[in-house]
Amino acid sequence: MSARRLAIRQPDDVSLSPEAQAGILTWTKKYPEGRQRSALIPALWIAQKDAGGWLPEMILRAVGDMLGMAYIRVYEVATFYTMFNLSPVGDYHIQLCGTTPCWLRGSEALKEVLERRVGPQNTVSADGKFSWLEVECLGACANAPMMQVSTDVDDDPYYEDLTPEALEAILDAFADGRDPARGPQNDRINSAPEGGPKTLNSKDLYSATQTLKTLPKADKKAKVNHYEWDPKERRATRGGWVDPKRKASPDPKKRSGNLGRDLTKGLVEEDPYKGRPERSDPQVLYTEGATDGAPDDLKKIKGIGPVFERELNEKGIYYYRQIGAWKVADIKMLEADVLTRFPGRIKRDDWVKQAKRLAKEAAK
Ligand code: FES
């Protein structure tokens, strides 16, 4: 960054016009009482336009007085931003971007044109019409190389996708008092690719009747495994996301919803009952062995409380061995009938495995 100083030659008598003062006051009212200095940048911009495209020291002081600021604070801002000119400029003041994207796309050749046609940076051409300055990125990198041209009108258009020939033509137009075409100087539309848009071109996309029927690669069988957030598990699982199917595991790695595992595999929920033969008649679970001795205490199965036990008893389910014999179709039927409030619970708590173990213990 180069040092930017106030002009050595300053006008003797210069002041803000009533219109500029009114504009600055409008900006100051946008900020809370006591924070009027927040309006400094728009105030300097208004003042610069009012003073003919640059900021004499008297004007900087006038702005400082209006905003209740120390003059040095105003100077600090005005000397930092290249959008504020500290010495007189031409009728057409050109800011040419020299930052990397514009440099890669040919800004050096444009500088040569400006040096030849206008003269060195920060000087005004002999006819008073032009001045220029190399600046940092102006935010139009997709259309590099580019320049911004300030005039006494409150309008500072961009000229983009420049070539030396295009720049010469623009300078010729300004010299003749014409208003050359703004924006891209090639066939680019705004910041679309050169030669026209390359994507989203299908007319179908913009049809009001278009409906998306299928996602081409969607795996309809895949189910998302919804991990549960448990703040108490944050340390053990390095994050707190717990796999609901494994949250009883004493091994934190196994409890974790993401630790040490392939995340893409973790997204598909495996069916633990996959491969088991289905019952030919699922209804049999309601009656099988129902009157065979004293009922088991189903509440010993984790996940079954008194309410579930009663509901299961009402369906004729009293014994561990009945539950231990459930197949996929039985569970689906029960979930559609008795356990509608807690879908997936039988599988998650693995009632079948628990019941098998309890049945084995009871038989000893
Ligand atoms: S680099 Fe030139 S506009 Fe961004």
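No experiment lies behind these values; they were computed from the predicted model shown. Atom set for the values below is all heavy atoms of this structure, side chains included, hydrogens, waters and symmetry mates excluded. Every number for a ligand or one of its atoms is a count from 1 in the order of the listing.
Here D176 pairs with R178 in a salt bridge; the nearest charged N to carboxylate O distance falls below 4.0 Å. Comment: R116 engages E168 in a salt bridge, judged by a side-chain N to carboxylate O separation of less than 4.0 angstrom.
Atoms of ligand 1 found under 4.0 Å from any heavy atom of C102 (numbered from 1 in listed order, with element): 1 (S), 2 (Fe), 3 (S). Remark: ligand 1 atoms within the under-4.0 Å shell around heavy atoms of L138 are 3 (S). The P101 neighbourhood of ligand 1 comprises atoms 1 (S), with distances under 4.0 Å to a heavy atom of that residue.
Using modelled atom types and a 3.5 Å distance limit, the side chains of E194 and N186 yield a donor-acceptor pair.
The protein non-hydrogen atom at the shortest distance from atom 3 (S) of ligand 1 is A140 N, 3.3 Å.
For C97, every N, O or S atom stays at 2.8 Å or more from atom 4 (Fe) of ligand 1.
Using a 30° and 60° split on the angle between ring planes, F174 and Y92 fall in the parallel class, below 30°.
Note on ligand 1: A144 sits outside its first shell, no heavy atom being nearer than 4.0 Å.
Remark: side-chain polar atoms of K49 are paired, donor with acceptor, to backbone N or O of T151 under 3.5 angstrom.
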